[in-house]
Amino acid sequence: MILKAKERGNAPQLAQYLMSMRDNEHVELHELRGFVSNDLDAAFKEAEAIASQTKCQKHLFSMSLNPPEGAHVSREDFERAVDQIEGKLGLDDHARALVFHEKDGRRHAHAVWSRIDSDEMRAKNMSFFKDKLMDVSRDLYLEHGWDMPKGMIDKSLRNPLNFSRAEWQQAQRSKQDPKLIKAAFQECWKNSDGTDALKASLEEKGFFLAKGDRRGVVAVDVRGETYSLSRWAGVKAKDVRERIPDAEFLSSVQDTKAHIASRMTGQLKTYLKEVDDGYRRASPAMEMKRQQLQARHGEERKAENMRIAQREQREMQARASRLPSGFSGIWSRITGKFSKIKAKNEMEALQSWQRDRAEKDRLVSRQLEERQRLQAAIKQKREERATEVAQIRSEIAAYVAMKRGDVPSLNKRGQSHEQAKTKMRGRQRLGADRQRQRERNRSRGDDLGREL
């Protein structure tokens, strides 16, 4: 699990944060050890009062324990992890608090120690604690069989600049079939008898007439690709001139691309608004489901705690009734019967405590699974929106570049960069070949000198 920790002061603010329900669906104060009070705020005030007798300003060591997403971690697992950390950092005999938080179907823990050794009135030195926690974190991943983050295996893998170019590239869109494009041009040509009709017919299919530099009349598609009208329509240049006698009044290719880019940018921005509106409509419904689930889980836990408390009270009364009183009590102490009954009661009390903890954990585990299913739906919705928004914004940026004339078409994005890299690799190979040739010539000269 991921371990994050720091030294800090301001104990009241930390206590308020740990017990706050503002950002959490469930909060549980699991353990207070080494404090007089059973209240977290009062316990931290005790620690602050002791620290005031020293020069230590950051008298608390606060740490969060975050298991991997989807992992089911029991109370015992958290307790063992905290004990392991405590031993690694040398905080075994220091006062400790342990709090559980649940949010978005995941449970994590916060452990807080007082750094002050009350016997020596000195603060524990926490040097190199990050490296020590990293060792413990790796051990926990291996112990539970979780997939270890790459950053824990090799620190260099944490830097996003080390990712390959392929990891950053977007998936390439499928290319249009040239046969279908040719058929579309031929259909538009056959079904039109003049410039306006041909222009309207082509625009319905996403092609815009323009004045070419060398090829006379051309068509530009919505991605900025340029097509010779005569070649793709399968007619002669003379036929094009007859069909479009006023070709000089057509816009240039660059102006046509700029016009397409302006229209497409506006259209794509409309798509962006539609995506956001759709997400906003879905978001309140998801939030309502989350709140209803949180309330129901809270009621279930209250009912479970009440049921366990009532059963515990009945069992305590039953164990107490076994102990003999009066003269028989005195006699049972003399004969040793009282000790046997007491030992049996203590064993049953321990077993009952373990049973109660297991039942609470089973309830929490079931609720976490239910919450995780809802969180998976919420996460999928967010990812779908993020992916669609990223794709649309990438297209907008590409059309803006095409409008400026930075790229000839959207399909040729990145080609100039690839061509430059290809040329650079060619020059490097040529330089290496020349170097090897010079070394061979030098070797031959040395051999000739030895022969003479």
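Residues: numbered from 1 along the sequence shown. Quantities reported herein were computed from a predicted structural model and do not represent experimental measurements.
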Backbone N or O of F100 within a donor-acceptor pair of the E28 side chain at under 3.5 Å?
no

Distance only, no hydrogens: is a donor on one side chain within 3.5 Å (strictly under) of an acceptor on the other, for H59 and E7?
no

Determine yes or no for a side-chain-to-main-chain donor-acceptor pair under 3.5 angstrom, with N345 supplying the side chain and R319 the backbone.
yes

With salt bridge (charged side-chain N to carboxylate O under 4.0 Å, His left out) as the criterion, how do R33 and E86 come out once you've worked through the C-alpha distance, each side chain's angles and the decisive distance to 0.1 Å?
CA-CA 13 Å; R33 184 196 70 190; E86 190 174 78; 2.8 Å; yes

Are H101 and H26 close enough that their ring centers fall under 6.0 Å?
no

Classify the side-chain pair Q367/R371 by whether it contains a donor and acceptor separated by less than 3.5 Å.
no

Salt bridge flag under 4.0 Å for residues D356 and R311:
yes

Distance in Å, R357 CZ paired with E76 CD, rounded so as to fall on 0.5 Å steps:
4.5 Å

Taking side chain to side chain contact (heavy atoms under 4.5 Å, CB included) as the criterion, tell me which of R8, M19, H110 meets it with L14.
R8

Heavy-atom donor-acceptor pair, R75 side chain to K360 backbone, under 3.5 Å:
no

How long is the straight-line distance from OH of Y141 back to CE of M1, given to the nearest 0.5 Å?
8.5 Å

State whether R80 and D77 are salt-bridged, where the test is any N-O pair (Lys NZ or Arg NE/NH1/NH2 against Asp/Glu carboxylate O) under 4.0 Å.
yes

Carboxylate-amine/guanidinium contact R366 E300, below 4.0 Å:
yes

Salt bridge or not for E304 and R301, using N-O below 4.0 Å?
no

Look only at the side chain of N24 and the backbone of V27, and say whether a donor-acceptor pair between them is shorter than 3.5 Å.
no

Could you check I378 against Q375 for side chain to side chain contact (heavy atoms under 4.5 Å, CB included), going step by step and ending with a plain yes or no?
CA-CA 5 Å; I378 295 173; Q375 188 63 23; 3.9 Å; yes

With rounding to the nearest 0.5 angstrom, report the CG to CG distance, L29 to D41.
11.5 Å

Please determine if R115 forms a cation-pi arrangement with F61, meaning its NZ or CZ atom is less than 6.0 Å from the six-membered ring centre and no more than 45° off the ring axis.
no

